[in-house]
Amino acid sequence: MSTLELARFTVAPEEVAGMLAARPAMVEELRAHCPGFRRVYLTRVDEDTWLDVVEWESREAAEAAMATVMELPGCRRVFGHIREVLAMEHADVVEEASA
């Protein structure tokens, strides 16, 4: 089963447009440079709080990517719009169901 990376963070309202504009390049870099990347969901919790849910092939892939992403310019651009990281954790998928 896969591993989910859950990153909860805040973005100031005036930074949202820049963060959203920078994300496509970040996703392309994840695809190109981070083996095991499957998909990412960006969710909005409230006006300032966001949650990225990143699916990885395995916990090892997620952990290896953590060492790589800060070297990727598209990722750094997105991270530059983040005011504060509130939580970052990994969870292994135990069961999966779809509609």
Side-chain angles (χ1 to χ4, degrees):
M1 285 280 182
S2 57
T3 292
L4 299 179
E5 179 177 289
L6 308 166
R8 188 178 183 98
F9 56 93
T10 61
V11 176
E14 64 273 10
E15 294 288 329
V16 169
M19 185 259 303
L20 294 174
R23 285 184 65 86
M26 178 192 80
V27 172
E28 286 307 312
E29 287 179 345
L30 292 173
R31 285 186 182 123
H33 300 286
C34 297
F37 170 75
R38 289 190 173 165
R39 66 185 54 87
V40 60
Y41 298 93
L42 175 64
T43 65
R44 192 170 198 169
V45 178
D46 58 38
E47 185 175 335
D48 296 333
T49 310
W50 299 75
L51 178 69
D52 248 338
V53 180
V54 187
E55 183 181 0
W56 296 96
E57 217 171 71
S58 65
R59 184 174 290 263
E60 293 78 20
E63 290 172 354
M66 287 175 47
T68 302
V69 296
M70 290 311 291
E71 299 172 13
L72 303 174
C75 292
R76 284 197 316 267
R77 276 193 293 281
V78 170
F79 300 156
H81 294 285
I82 293 174
R83 183 184 335 174
E84 180 182 7
V85 175
L86 302 173
M88 172 72 129
E89 59 189 340
H90 291 96
D92 296 325
V93 175
V94 175
E95 184 177 354
E96 183 177 329
S98 58

Linked, directly or transitively: [X] and [Y] (ILVMFWY side chains, under 4.5 Å):
X: V45; Y: L20; answer: no
X: V27; Y: Y41; answer: no
X: M88; Y: L72; answer: no
X: V11; Y: V54; answer: yes
X: F37; Y: L4; answer: no

Which distance, rounded to the nearest 0.5 Å, do you find between the [atom1] of [X] and the [atom2] of [Y]?
X: H81; Y: R76; atom1: NE2; atom2: CZ; value: 13.0 Å
X: R8; Y: E89; atom1: CZ; atom2: CD; value: 10.0 Å
X: R23; Y: L42; atom1: CZ; atom2: CG; value: 4.0 Å
X: E71; Y: H33; atom1: CD; atom2: NE2; value: 10.0 Å
X: M19; Y: I82; atom1: CE; atom2: CD1; value: 7.5 Å

Atom of [X], atom of [Y] and distance for their closest heavy-atom approach:
X: R77; Y: A25; value: NH2-CB, 4.3 Å
X: A65; Y: C34; value: CB-SG, 4.0 Å
X: S2; Y: R38; value: CB-NH1, 3.2 Å
X: T3; Y: S58; value: OG1-C, 3.4 Å
X: M26; Y: C75; value: CG-SG, 3.5 Å
X: M66; Y: H90; value: SD-CE1, 3.2 Å

What do the steps show when you test L30 against V69 for side chain to side chain contact (heavy atoms under 4.5 Å, CB included), and what is the final call? CA-CA 8 Å; L30 292 173; V69 296; 3.8 Å; yes
For D48, is there any backbone N or O sitting under 3.5 Å from a side-chain donor or acceptor partner on T10? no
State whether the side chain of T43 and the backbone N or O of L51 hold a donor-acceptor pair below 3.5 Å, judged by distance alone. yes
Got P35 and E57 here, is their nearest side-chain heavy-atom distance under 4.5 Å? no
Plane angle bin for F9 and W50 - parallel if under 30°, tilted between 30 and 60°, otherwise perpendicular: parallel
Are E29 and V78 close enough, and set up right, to give a side chain to side chain contact (heavy atoms under 4.5 Å, CB included), and what steps lead you there? CA-CA 12 Å; E29 287 179 345; V78 170; over 6 Å; no
I'd like to know whether M70 forms a side chain to side chain contact (heavy atoms under 4.5 Å, CB included) with F79, so could you lay out the CA-CA distance, the side-chain angles of the two residues, the decisive distance to 0.1 Å, and finally the verdict. CA-CA 9 Å; M70 290 311 291; F79 300 156; 3.4 Å; yes
Sequence neighbours excluded, which residues qualify as side chain to side chain contact (heavy atoms under 4.5 Å, CB included) partners of E47? P13, R44
